Amino acid sequence: MLGTLKKMRAQLDESHKVQYQLVVGDEQLALNPLIGKSLTLTHTGNIFCCHCGKKTKKSYSQGHCFVCMQKLASCDMCIMKPETCHFDQGTCREPEWAQSHCFVPHYVYLSNTSGIKVGITRHTQLPTRWIDQGATQGLPIFKVATRQISGLVEVELAKLINDKTHWQAMLKGHADDIDLNVKAEELIPQIEAKLHEIGMQKGDYSIERLHEKIQPIDYPIESFPKKIASHNFDKEPVVSGILQGIKGQYLIFDTGVINIRKFTAYEVSVEHAE
């Protein structure tokens, strides 16, 4: 296989186990059957922008050239901090894109990655978002009308719990199970006043409290690394070893780990044992 990397595709099967595919150009490679076998990824030195396809010396915002990074709404800072949405100021880079991506329902959720955290995602991205973060449990607690509202709610919850995953801890093992429903019942009353304020500003029906079941997630891992060593295509073109597991967007080798999403748009060749 030869082509540019994209983030791994992942689906939950009936037993809540994640089934992964490595996407290389237009091809896909099922990765779960390769656990315990030899896998080699070799970077050719080429990077092609994931939006315009032009060759670029450096990747920006996970696979973009500098020009696309500067002009695309999906690369704007408000994507990382949705509470800073500036659409109503008339300064959105791509208003039509915003209508289809930001002005649609979003979830505010609790997940268990390296511990409990709060996060947000579009209504179409569960459980994919949890899988990409390496969460072993996920629970949507609010459904809101827009991305900005989800960001405003997340900011309040992030004053009480983490809003980031400690990826090294996430890769060293699974955090103990947490009753996320109980945790939600503890947290939500503490932000009730702010929720009311947001509702008054954005409309009474802009925030819906959910009562869902906790989603368990199991990853294909034979053994966790005791020490985290990261592979980096910018420093070493060849990443090779025995594939010991996959969690989040990380391949876990006996030689170290690599974040596939970080190297979106990098051209690689792939070799594996049958």
Side-chain angles (χ1 to χ4, degrees), residues 5-12 16-18 20 31 61-63 74-75 77-84 106-142 147 150-184 186-187 191 212 214-221 223-232 244-253 256-264:
L5 284 175
K6 298 180 179 68
K7 81 164 190 157
M8 289 184 284
R9 290 184 181 157
Q11 303 85 30
L12 279 182
H16 311 300
K17 190 160 190 173
V18 186
Y20 280 100
L31 288 173
S61 296
Q62 296 180 338
S74 58
C75 296
M77 183 55 69
C78 53
I79 294 301
M80 296 298 293
K81 296 184 176 182
E83 68 276 9
T84 65
H106 277 64
Y107 288 121
V108 180
Y109 62 80
L110 300 180
S111 64
N112 186 5
T113 54
S114 53
I116 191 168
K117 72 176 288 292
V118 60
I120 65 171
T121 193
R122 277 188 320 230
H123 65 112
T124 57
Q125 293 302 301
L126 291 182
T128 302
R129 180 64 173 160
W130 296 331
I131 294 170
D132 286 348
Q133 293 180 339
T136 52
Q137 297 173 287
L139 176 71
I141 58 173
F142 293 112
R147 186 172 181 83
S150 71
L152 292 169
V153 176
E154 181 186 35
V155 165
E156 294 307 307
L157 285 168
K159 295 174 182 177
L160 306 173
I161 58 173
N162 285 331
D163 61 349
K164 292 180 175 59
T165 298
H166 299 292
W167 65 271
Q168 294 98 331
M170 180 269 290
L171 289 174
K172 285 184 177 180
H174 294 322
D176 293 336
D177 282 351
I178 300 170
D179 191 327
L180 297 177
N181 276 306
V182 169
K183 197 65 182 176
E186 293 174 5
L187 292 168
I191 65 165
E212 302 287 334
I214 298 170
Q215 173 65 63
I217 303 171
D218 184 28
Y219 295 89
I221 299 172
S223 60
F224 289 100
K226 292 182 174 61
K227 184 178 180 181
I228 302 296
S230 293
H231 290 297
N232 186 335
Q244 295 183 321
I246 315 167
K247 193 177 184 188
Q249 282 290 317
Y250 286 86
L251 298 180
I252 303 171
F253 291 91
V257 305
I258 184 166
N259 181 351
I260 293 298
R261 191 169 194 173
K262 178 180 178 180
F263 296 104
T264 297

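All values derive from a computational prediction rather than experimental measurement.
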>> Just to verify, what does His174 make a ring-ring contact (aromatic ring centres under 6.0 Å, His included) with, not counting sequence neighbours?
In response: Phe224
> Is Leu12 close to Gln215 at the side-chain level, that is, under 4.5 Å between some pair of heavy atoms?
Replying inline: yes
> Of all heavy-atom pairs between Ala10 and Ile131, which one has the smallest distance, and what is that distance?
Replying inline: CB-CG2, 3.7 Å
>> Restricting to side chain to side chain donor-acceptor pair (under 3.5 Å), what partner residues turn up for Gln125, sequence neighbours left out?
In response: none
> Which residue pairs satisfy the salt bridge (charged side-chain N to carboxylate O under 4.0 Å, His left out) criterion with at least one member in residues 107-123, sequence neighbours excluded?
Replying inline: none
> Is the shortest heavy-atom distance from the side chain of Leu5 to the side chain of Thr264 under 4.5 Å?
Replying inline: no
>> Nearest 0.5 angstrom please: Ser150 OG to His123 NE2, how far?
In response: 12.0 Å
> Between Gly134 and Tyr219, what is the shortest heavy-atom contact and its length?
Replying inline: C-OH, 3.2 Å
>> Going by side chain to side chain contact (heavy atoms under 4.5 Å, CB included), name the residues that satisfy it together with Asp177, two or more places apart in sequence or in a different chain.
In response: Gln137
> Would a 4.5 Å heavy-atom cut-off, applied to side chains only, mark Ile214 and Leu110 as touching?
Replying inline: no
> Roughly how far, to the nearest 0.5 Å, is CG of Asn232 from CD1 of Ile258?
Replying inline: 7.5 Å
>> Show me the pairs that pass salt bridge (charged side-chain N to carboxylate O under 4.0 Å, His left out) and involve residues 123-138, at least two apart or across chains.
In response: Lys7-Asp132, Asp132-Arg261
> Given side chains that start at C-beta, do those of Tyr109 and Leu180 come closer than 4.5 Å, heavy atoms only?
Replying inline: no
> What pairs with Tyr250 under side chain to side chain donor-acceptor pair (under 3.5 Å), at least two apart in sequence or on another chain?
Replying inline: none
>> Please determine whether side chain to side chain contact (heavy atoms under 4.5 Å, CB included) holds for the pair Lys247 and Val257, giving the CA-CA distance in whole Å, both sets of side-chain angles, and the decisive distance to 0.1 Å.
In response: CA-CA 10 Å; Lys247 193 177 184 188; Val257 305; over 6 Å; no
> With Ser223, which residues qualify under side chain to side chain contact (heavy atoms under 4.5 Å, CB included), at least two apart?
Replying inline: Gln244
> In Å and rounded to the nearest 0.5 Å, what is the CD1 to NZ distance from Ile221 to Lys17?
Replying inline: 9.0 Å
> Any side-chain heavy atom of Ile246 within less than 4.5 Å of one from Val18?
Replying inline: no
>> Using every non-hydrogen atom in the two residues, find where Ile120 and Pro82 come nearest and quote the distance to one decimal.
In response: CD1-CG, 3.3 Å
Side-chain donor-acceptor pairs of residues 151-171 under 3.5 Å, sequence neighbours excluded:
{"unit_1": "Glu156", "atom_1": "OE1", "unit_2": "Lys159", "atom_2": "NZ", "d": "3.3"}
{"unit_1": "Glu156", "atom_1": "OE2", "unit_2": "Lys159", "atom_2": "NZ", "d": "3.2"}
{"unit_1": "Thr165", "atom_1": "OG1", "unit_2": "Thr113", "atom_2": "OG1", "d": "3.3"}

> Do the side chains of Leu251 and Leu31 get nearer than 4.5 Å, heavy atoms only?
Replying inline: yes
>> Please give me the minimum heavy-atom distance between Cys78 and Arg147, naming the atom from each residue.
In response: O-NE, 4.4 Å
>> Glu212: which residues meet the salt bridge (Lys or Arg N to Asp or Glu O under 4.0 Å) condition with it, sequence neighbours left out?
In response: none
>> Nearest 0.5 angstrom please: Gln62 CD to Ile260 CD1, how far?
In response: 12.0 Å
>> If the condition is side chain to side chain contact (heavy atoms under 4.5 Å, CB included), which residues does Cys75 pass it with, not counting sequence neighbours?
In response: Ser61, His64, Met69, Leu72, Arg93
> For the atom pair CG (Leu126) and OG1 (Thr121), what is the distance rounded to the nearest 0.5 Å?
Replying inline: 5.5 Å
>> Testing the basics here: between Tyr107 and Pro140, what is the closest heavy-atom pair and its distance to 0.1 Å?
In response: CD2-CB, 4.0 Å
>> When you measure from the side chain of Tyr20 to the backbone of Gln249, do you find a donor-acceptor pair of N or O atoms at a distance under 3.5 Å?
In response: no
> Under the side chain to side chain contact (heavy atoms under 4.5 Å, CB included) test, which residues partner Ala175, sequence neighbours left out?
Replying inline: Asn112
